[in-house]
Number of protein chains: 2
Amino acid sequence: MVNVFTMDAQIDEILRKNQLSVTGSRKRILELFLMSNGALAHGDIEKKTGEKFDRVTVYRTLQTFLEKGIIHNIPTADNSVLYALCKDDCSEGHHHDNHVHFICSECGKTICLADVTVPEVKLPGGFLPHEYQMVVTGLCKECR
Amino acid sequence: MVNVFTMDAQIDEILRKNQLSVTGSRKRILELFLMSNGALAHGDIEKKTGEKFDRVTVYRTLQTFLEKGIIHNIPTADNSVLYALCKDDCSEGHHHDNHVHFICSECGKTICLADVTVPEVKLPGGFLPHEYQMVVTGLCKECR
DNA sequence: CACTGGCATGCAACTTTGTTGCAAAAAGAT
DNA sequence: ATCTTTTTGCAACAAAGTTGCATGCCAGTG
């Protein structure tokens, strides 16, 4: 499914397009997002890059990606910070990440339910909706 | 608007109904929620009770209220922790905070849309859902 | 109203999470 | 290859949240 060659090119392209120099940590973190194909908690990223990069670098890289609109953060009620890749057509500020995210409360993994689209609910008058986010917590296949 | 006598009685009733002993910190913190009639950050609570109660007590009290379903926490765009009173029908133990939250991307306010319930979506096989959260971002009445 | 068991609180120490300043290292341009 | 700018790692710090334990307060009983 994931082709290393194309992904590597893709990573370069994303960084260049956003006028960011192509560095090890940026490539690695971006790679994680592309591979996970979904939302990542900061903790996940730290764990998976833990030995290679400094904690601070991860913070700063994510911050940079946020500012450039490469990723966006997903608010959750339990206050865990989630980040997800923006789609290509997600130009600055305009994010369309309209599938449901599942967080396993056992193993902590976040899974993108790409097939489950977020239902659009009716809002009371006056509110102008821009983006719908839905996060489901529970047990995943492995942990149930 | 706020009647001290009825509020005091209300506070006692809420605590008793949830089998919690009526203590100073619990009364004070509950009072803050009733007065504010909205969401409070942990910081707000600490500031307003700061001299009277220990930091730890505030944490534990909020934790207790969460478990009992007296309050629920709500997601915010900047990932700060907000708490809000649950409606009366949010019964003990089996607490489902199943209304949609709206975050205004302009003013940053988080609003509980108490009338809008979170639709339960169908998940792929294997997932055992426990809680559904939905956050809508956009512009609120004042900012549109 | 005093007594008592159990729960809540305060304190201290600690962990975890996020931030800042600065020197060294790596990227990009020439 | 060399120079300039950006990025990284380190260290120190600040903020946020947790845990264990001794003391104090609450509710229930006689």
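Just so we're on the same page: letters track the sequence lines, and every chain starts at 1. Just so you know, these numbers come straight off a predicted model, no measurement behind them.
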Novice: Distance check needed: D/dA12 P versus A/D54 CG, whole Å only.
Specialist: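 Roughly 14 Å, once rounded to whole Å.
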Novice: Do A/I70 and A/I29 share a hydrophobic cluster (ILVMFWY, side-chain heavy atoms under 4.5 Å, transitive)?
Specialist: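 Same cluster.
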Novice: Could you check A/L20 against B/V81 and say which one's nearest nucleotide on DNA chain D is further toward the 5' end?
Specialist: A/L20
Novice: Take B/R55 and B/V22, find for each the nucleotide of DNA chain D with the closest heavy atom, and name the residue whose nucleotide sits nearer the 5' end.
Specialist: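 Taking each residue's closest nucleotide, the earlier one in sequence belongs to B/R55.
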Novice: Contact class for B/S25 vs. all strands (heavy atom < 4.0 Å): base, sugar-phosphate, or nothing?
Specialist: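 Since only primed, P, OP1 and OP2 atoms lie under 4.0 Å of B/S25, the category is sugar-phosphate.
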Novice: Given atom NZ of B/K27 and atom P of D/dC26, what is their separation to the nearest angstrom?
Specialist: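 To the nearest whole Å, that distance equals 8 Å.
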Novice: Among the candidates D/dG9, C/dT9, D/dT8, find the nucleotide nearest to the side-chain atoms of A/R26.
Specialist: D/dT8
Novice: What is the separation between atom OH on A/Y59 and atom P on D/dA16, rounded to the nearest whole Å?
Specialist: 13 Å
Novice: Could you pick out which residue, A/V56 or B/T64, lies toward the 5' side of DNA chain C when each is mapped onto its nearest nucleotide?
Specialist: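 Nearer the 5' end of the strand: B/T64.
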Novice: The side chain of A/S21 lies closest to which of these nucleotides: D/dC26, D/dG9, C/dG28?
Specialist: C/dG28
Novice: Tell me: CZ of B/R16 to P of D/dG28, nearest whole Å?
Specialist: 8 Å
Novice: Figure out the CG/C1' separation between B/L66 and D/dT18, and round it to whole Å.
Specialist: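 Value for this atom pair: 15 Å.
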Novice: Base of C/dG10, side chain of B/R60 - is there a donor-acceptor contact under 3.5 Å?
Specialist: yes
Novice: Does the pair A/K48 and A/D44 meet the rule for a salt bridge (Lys or Arg N to Asp or Glu O under 4.0 Å), with working shown?
Specialist: CA-CA 6 Å; A/K48 289 177 183 168; A/D44 298 335; 5.8 Å; no
Novice: Measure NE2/A/H42 against C1'/D/dG17 and give the value in whole Å, please.
Specialist: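 These atoms are roughly 16 Å apart.
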Novice: Let me know the distance between CD1 of A/I11 and P of C/dA27, rounded to the nearest Å.
Specialist: 15 Å
Novice: Is it the case that one hydrophobic cluster holds both B/F33 and B/F53, taking links as side-chain heavy atoms less than 4.5 Å apart, direct or via other members?
Specialist: no
Novice: Testing the 3.5 Å rule here: is there a donor-acceptor pair between the side chains of A/T61 and A/R28?
Specialist: no
Novice: So B/S21 and B/R26, side chain to side chain donor-acceptor pair (under 3.5 Å) or not? Walk me through it.
Specialist: CA-CA 9 Å; B/S21 41; B/R26 285 176 185 165; 3.3 Å; yes
Novice: Can you tell me if A/T23 touches the phosphate of D/dT6, counting only side-chain N or O atoms and a distance under 4.0 Å to OP1 or OP2?
Specialist: no
Novice: Give the rounded distance in Å between these two atoms: CG of B/L15 and C1' of C/dC7.
Specialist: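 Value for this atom pair: 14 Å.
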